[in-house]
Every structure is written in structure tokens, then in C-alpha cells.
Amino acid sequence: MHLRKAKLMFFWVRYPSSAVLKMYFPDIKFNKNNTAQLVKWFSNFREFYYIQMEKYARQAISEGMKTPDDLHVAGDSELYRVLNLHYNRNNHIEVPPNFRYVVEQTLREFFRAIQGGKDNEQSWKKSIYKVISRLDDPVPEYFKSPNFLEQLE
DNA sequence: TTGGGTCCTG
DNA sequence: CAGGACCCAA
């Protein structure tokens with residue numbers, strides 16, 4: 001399986017269905033195991049992502065930010081450095097504009113929840129996950145190219 | 001029963 | 001990231 005490619009796809013989709021994933025890996029002969037592994041990868045990707053988002057949101061609050069509208073993520077921010085290092089290690093591709101939007105929305109969702117003290121409730125993150133799951137974008141066609149990874153180098 | 005998903009580990 | 005426990009919907 002192509003871990004690097006899967007990570008890059010995360011910039012477009014956070015909750016891809018197994019059916020969609022399979023379409024973007026035409027060179028893989030899928031079976032129960034590797035499909036489960038691929039799905040598991042995205043679950044792990046999300047975990048890392050949400051941990052960063054929560055951390056950043058709490059930091060903003062601790063620094064005195066009062067409204068989620070003030071929450072903007074600069075392209076040169078520490079948050080981006082971390083995310084890029086994780087999903088786009090060697091800067092293979094340019095981070096799509098929509099991902100920046102998704103990150104901003106995610107931060108604001110966490111901000112509102114934490115600021116409102118919702119983080120003390122049972123499964124307060126679930127509602128946030130639901131919102132973010134609706135922000136997936138279509139993955140570029142070129143990801144289906146057989147020599148996708150080679151073209152990156 | 002399965003196939004996702006999350007949470008928590010290692 | 002992989003494993004495994006556990007939950008939920010189909």
C-alpha cells in the first residue's frame with residue numbers, strides 16, 4: 001500500500017469511504033485485510049489531526065483569544081509546519097486551499113466547544129467530527145495515475 | 001454479523 | 001502506525 005500517497009489524499013478527504021479509496025489505488029488488489037488497513041490509516045490520520053487542532057485551539061484560548069473569528073491560520077504558522085511534516089513530509093505537493101479552510105473550521109469548532117465548556121461532556125468531540133466529515137472535497141484525478149508517486153519526485 | 005469509527009496502547 | 005477493546009449502524 002502507498003502510505004505516502006494516502007497521507008497526501010488526506011489534504012482533500014478526512015472521511016473517504018473504502019469504495020472511494022479503492023478507486024484511487026487502481027494498482028492495488030484489495031482484500032479484507034489491506035482495505036481495513038487503508039481505512040485504519042485514515043483513522044490514524046484523523047487522530048493526529050484532531051489532536052493538533054484541539055491543542056492549537058486550547059492554546060489560542062489560553063492566550064486570551066475571545067472569539068473563534070479571530071482564529072486564522074497563517075501559511076507559515078507552527079500548526080502548518082506540523083501538519084505538513086506529518087502528511088506532506090517532503091513537500092511533494094502544494095497544500096490545497098480547501099484544506100486550509102477545513103483546518104480553520106476545525107479550529108473554530110474546537111474553540112467554541114472548549115470556550116463553552118462543552119469539553120466536560122461525555123462525547124463532546126462527536127459533534128465536531130460530524131461537522132468536519134461534511135467538508136471532504138473530491139480528490140484530484142491525477143491521484144489515480146499509475147505513476148503518481150514517481151511524478152512527485 | 002460486518003464494516004466502519006474512536007480510544008488507548010505500545 | 002498497528003493492535004485490540006468496544007460501540008454503532010446496516
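Throughout, a chain's letter reflects where its sequence line sits, starting with A, and its residues are numbered from 1.
- Reading DNA chain B from its 5' end, the first and the last nucleotide to sit under 4.0 Å from a heavy atom of chain A are B:dG3 to B:dC8.
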Carefully, step by step, assess A:M53 and A:L79 under the rule side chain to side chain contact (heavy atoms under 4.5 Å, CB included).
CA-CA 8 Å; A:M53 295 302 113; A:L79 176 59; 3.9 Å; yes
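- Relative to the six-membered ring of A:Y80, A:R100 meets both conditions, a distance below 6.0 Å and an angle of at most 45° to the axis.
- Residue contacts shown for A:Q37 are limited to sugar-phosphate atoms, with no base heavy atom under 4.0 Å away.
- Around CZ of A:F30, the count of heavy atoms belonging to other residues, nucleotides or ligands within 6.0 Å exceeds 12.
- Two residues are said to be in side-chain contact when any heavy atoms from C-beta on lie closer than 4.5 Å; A:V13 and A:F42 meet this criterion.
- Side-chain polar atoms of A:Q59 and A:E63 form a donor-acceptor pair below 3.5 angstrom.
- Between the CG atom of A:N33 and the C1' atom of C:dC1 there is a distance of 16 Å, given to the nearest Å.
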Please test A:F11 against A:D137 for side chain to side chain contact (heavy atoms under 4.5 Å, CB included), starting from the C-alpha separation and ending with a verdict.
CA-CA 9 Å; A:F11 281 137; A:D137 290 295; over 6 Å; no
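- A:L38 places its CG atom 12 Å from the P atom of C:dC1, with the value rounded to the nearest Å.
- Between A:K7 and A:R89 the shortest side-chain heavy-atom distance falls below 4.5 Å.
- A donor-acceptor contact shorter than 3.5 Å is absent between the side chain of A:K118 and the backbone of A:R112.
- Geometric assessment of A:K5 against the ring of A:F148 yields a positive cation-pi assignment under the 6.0 Å and 45° thresholds.
- At the heavy-atom level, A:K32 lies under 4.0 Å from the strands shown only through sugar-phosphate atoms.
- Using a 4.0 Å cutoff on non-hydrogen atoms, no part of residues 103-138 of chain A comes near DNA chain C.
- At a non-hydrogen distance threshold of 4.0 Å, nothing from residues 48-59 of chain A comes into contact with DNA chain C.
- The distance between the ring centers of A:Y129 and A:Y15 does not fall below 6.0 angstrom.
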